[in-house]
Amino acid sequence: MDLKQALAGYADWLGYGHGERAAAWCARLEINRPELEVFQSAPTPPMAAYCAQPFPVAPPDGKVGAAGEAMPADGAAAVERARRAAQLNAFTYLPEVVAAQGPGLLSGVPVAIKDLMAVAGMPLTGGTKALDRRIAQHDAACVARLKRAGAVVMGLTNLHELAYGITSDNPHFGRVVNPVANGRIPGGSSGGSAAAVAAGIVRAAIGTDTAGSVRIPAACCGVVGFKPGYDTVAREGVLDLAPSLDHVGPFGRTVSDCATIFAALLGLDAVPAWRYDGLRGRTIARLRGYFEEPLDGDVRRALDEAERALQADGARTVDQTIEGAHLVPAIQLVTISAEATAVHAERLSARGNDLGEDVRVRMEMGLFLPGSWYVKAQCMRRALVDRVDAAFDGAEALLCATLRAPAPPVGAARVAIGGRDYALHTAVTNLTQPFNLAGLPAISIPWGLSGDGVPIGLQVVGARGREWQTLAIAQRLEAAAPPLGQRAGA
């Protein structure tokens, strides 16, 4: 019996059926063969399953206030800008009238919300036709916090269907267009949120990040994307994808924008003094090994420039590696496959024909991975998390690229980087996945353009509970970054 027959028979035994799709299942398994082979050959660590836990946010230790350009209070104008930029497909829904704003930290500031979060009075689609279109009756917890701070929800942003992908090529609402590099992917799954900020429609937007879905679009579109630590921002009212990996976080044009939105998401009435006036006496570890082998040449040059900028600002930089980091894609694949299929099992069974092909086949793949593999993956994850935490020994933050190469072309199935060939999803998520598995705060900031005019993103990763410190270090790096329009080597 060949693999197609075996999978068709197994699917029938599970009660799912659809054996006619066995060729698609085999093709998808072939794409992920490298991760699956690594996973099967890796030894199983002692049984100590990873259990994601929220970590308290440490108070900021900055001495400088949050001075900076205020975000404009122009909700109606933001909606009009979005309508004029309809060709970007950045939104799934725009209201006819924006709700009146109240006083607060974000009084009148328009914020775009990923269409994965409940906003009272607006439809919640998850970017899919496999979810009955309904008007949300209550706000997601994070949306409620923003509204209490006076923010105006000016629209719902487009996304990769059900947040399960990195291109934001949505078969139901159209492909999100990268505003700064039209022929390149905008990243996903929160591509609409990043595009809305990059296009100047809003100064701030909210997304979710399961394998890099805030940081990747931020890097692709040349904006800032911040993923706080696991469950630092409440996920109630947000559609799950993989519950132990999902994070909620903001996009902004600057690190300061993200810090302001983060303060509102925490329920603070004001932004605390979080900035540093320099990095003297602080140590930043540059991640080597897995995180730099390979890298696109322009991305490597950007990292070198960033390291020199940190040193010029007074920081001490050291090299660091994380043993076993090469196992990350395998651990992530098994974890997200099992959890996403479990979350959407009923939808897959009852509404599979309403799903886009790429999302459907990934969910179907989760049917065929043994439960024992999920347990093994969590044991491997626990060992990985311990090694990631150890990388902070003597260092306040870690530095690496957000993507191994700038945003790939639209329609690319594979990406060549430094003489190695990667499946698209693997190439784009390699360097962001570790910090979803570990639940650490991480932020992507733009660092100019590649030689062919595509944004480059660099990633600052903080220790557990050190969100404010992560923002402060990223802001110092941002201050030294070349203008977004400057190309590598210029």
Side-chain angles (χ1 to χ4, degrees), residues 1-42 44 49-50 116 126-132 160-167 171-172 188-189 210-211 213 239-246 327-381 413 423-426 429 433 436-437:
M1 181 182 294
D2 64 14
L3 181 59
K4 285 192 291 187
Q5 291 176 309
L7 291 178
Y10 185 51
D12 190 56
W13 180 80
L14 289 173
Y16 179 68
H18 297 289
E20 74 281 359
R21 293 183 48 75
W25 303 337
C26 290
R28 181 67 214 197
L29 288 166
E30 187 62 33
I31 289 173
N32 290 112
R33 179 190 289 271
E35 292 96 333
L36 295 173
E37 288 179 345
V38 167
F39 183 82
Q40 287 181 282
S41 64
T44 301
Y50 176 76
L116 203 69
T128 186
K129 288 185 177 178
L131 185 68
D132 290 333
H160 205 105
E161 185 177 14
L162 290 172
Y164 207 2
I166 47 82
T167 65
H172 314 296
S189 60
T210 304
S213 292
L239 294 179
D240 288 329
L241 176 60
S244 79
L245 298 168
D246 296 343
L327 298 172
V328 161
I331 301 170
Q332 177 84 14
L333 174 68
V334 175
T335 301
I336 194 172
S337 295
E339 294 189 11
T341 300
V343 164
H344 293 290
E346 292 184 10
R347 183 167 294 114
L348 176 63
S349 180
R351 303 282 297 271
N353 290 335
D354 291 333
L355 292 167
E357 175 61 21
D358 68 320
V359 170
R360 181 178 184 179
V361 76
R362 291 186 73 187
M363 288 185 182
E364 290 170 330
M365 186 175 69
L367 296 171
F368 306 121
L369 304 185
S372 60
W373 285 20
Y374 180 77
V375 175
K376 176 181 177 179
Q378 303 323 297
C379 294
M380 295 169 67
R381 182 180 182 180
L424 176 68
H425 189 276
T426 304
T429 60
Q433 291 173 341
N436 291 87
L437 289 167

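Predicted model, so just to flag it, every value in this text is computed and none were measured.
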Worksheet item: What is the ring orientation for H18 with Y16, classed by angle as parallel under 30°, tilted 30 to 60°, or perpendicular over 60°?
Response: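 Correct class here is tilted.
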What residues, two or more places apart in sequence or in another chain, satisfy side-chain contact (heavy atoms from CB on, under 4.5 Å) together with [X]?
X	answer
V328	Y290, L384, Q433, P434, L437
T341	M363, L367
A423	I31, R414, T426
A345	none

Between [X] and [Y], what is the shortest heavy-atom contact and its length?
X	Y	answer
V361	A24	CG2-O, 3.5 Å
A211	N436	C-OD1, 3.4 Å
A163	L241	O-CD2, 3.2 Å
A23	K4	CA-CD, 3.8 Å
L239	G126	CD1-CA, 3.9 Å
A22	A8	CB-CB, 4.3 Å

Between [X] and [Y], is there a donor-acceptor pair closer than 3.5 Å when you use the side chain of the first and the backbone of the second?
X	Y	value
Q40	E37	no
K376	F39	yes
S213	G188	yes
E161	G356	yes

Practice prompt. Go through the structure and list residues passing salt bridge (charged side-chain N to carboxylate O under 4.0 Å, His left out) with D240, not counting sequence neighbours.
Written response: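 D240 satisfies salt bridge (charged side-chain N to carboxylate O under 4.0 Å, His left out) with R235 only.
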Worksheet item: Can you name the salt bridge (charged side-chain N to carboxylate O under 4.0 Å, His left out) partners of D12, sequence neighbours left out?
Response: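 In terms of salt bridge (charged side-chain N to carboxylate O under 4.0 Å, His left out), with neighbours along the sequence ignored, D12 is linked to no residue.
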Applying side-chain hydrogen bond (donor to acceptor under 3.5 Å, both in side chains), can you list everything that pairs with [X], at least two apart in sequence or on another chain?
X	result
E346	none
E339	S244, Y374
T335	Q378
H344	R347

Worksheet item: About how many Å separate CG of D354 and CG of L348, when rounded to the nearest 0.5 Å?
Response: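 Output value for this atom pair is 11.5 Å.
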Discussion item. Would you compute the distance between atom SG of C26 and atom CE of M365 and round it to the nearest 0.5 angstrom?
Written reply: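 Between C26 SG and M365 CE, I get 12.0 Å after rounding to 0.5 Å.
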Worksheet item: With no hydrogens and no angle check, do the side chains of D358 and H160 hold a donor and an acceptor under 3.5 Å apart?
Response: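 Yes, side-chain donor-acceptor contact under 3.5 Å.
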Discussion item. What I'd like to find out is whether the side chain of W373 reaches to under 4.5 Å of the side chain of L36, using heavy atoms alone.
Written reply: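 Of all side-chain heavy-atom pairs linking L36 with W373, at least one is under 4.5 Å.
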Worksheet item: Going by heavy atoms in the side chains, are L355 and H172 under 4.5 Å from each other?
Response: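 Result no, sub-4.5 Å side-chain heavy-atom pair not found.
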Practice prompt. Starting from the C-alpha separation in whole Å, work towards a yes-or-no answer on side-chain contact (heavy atoms from CB on, under 4.5 Å) for V343 and L162.
Written response: CA-CA 11 Å; V343 164; L162 290 172; over 6 Å; no
Item to complete: Determine, step by step, whether T210 and I336 satisfy the side-chain contact (heavy atoms from CB on, under 4.5 Å) criterion, reporting the C-alpha distance in whole Å, the side-chain angles of both residues, the deciding distance to 0.1 Å, and the verdict.
Response: CA-CA 8 Å; T210 304; I336 194 172; 3.9 Å; yes
Discussion item. According to salt bridge (Lys or Arg N to Asp or Glu O under 4.0 Å), does anything in residues 359-369 pair up with another residue at least two apart or in another chain? List the pairs.
Written reply: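 Passing the test, one end in residues 359-369: R21-E364, R360-E364.
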Discussion item. Suppose we screen for ring pair (Phe, Tyr, Trp, His ring centres under 6.0 Å). Which residues come up paired with H425, at least two apart in sequence or across chains?
Written reply: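 Result, ring pair (Phe, Tyr, Trp, His ring centres under 6.0 Å) vs H425: none returned.
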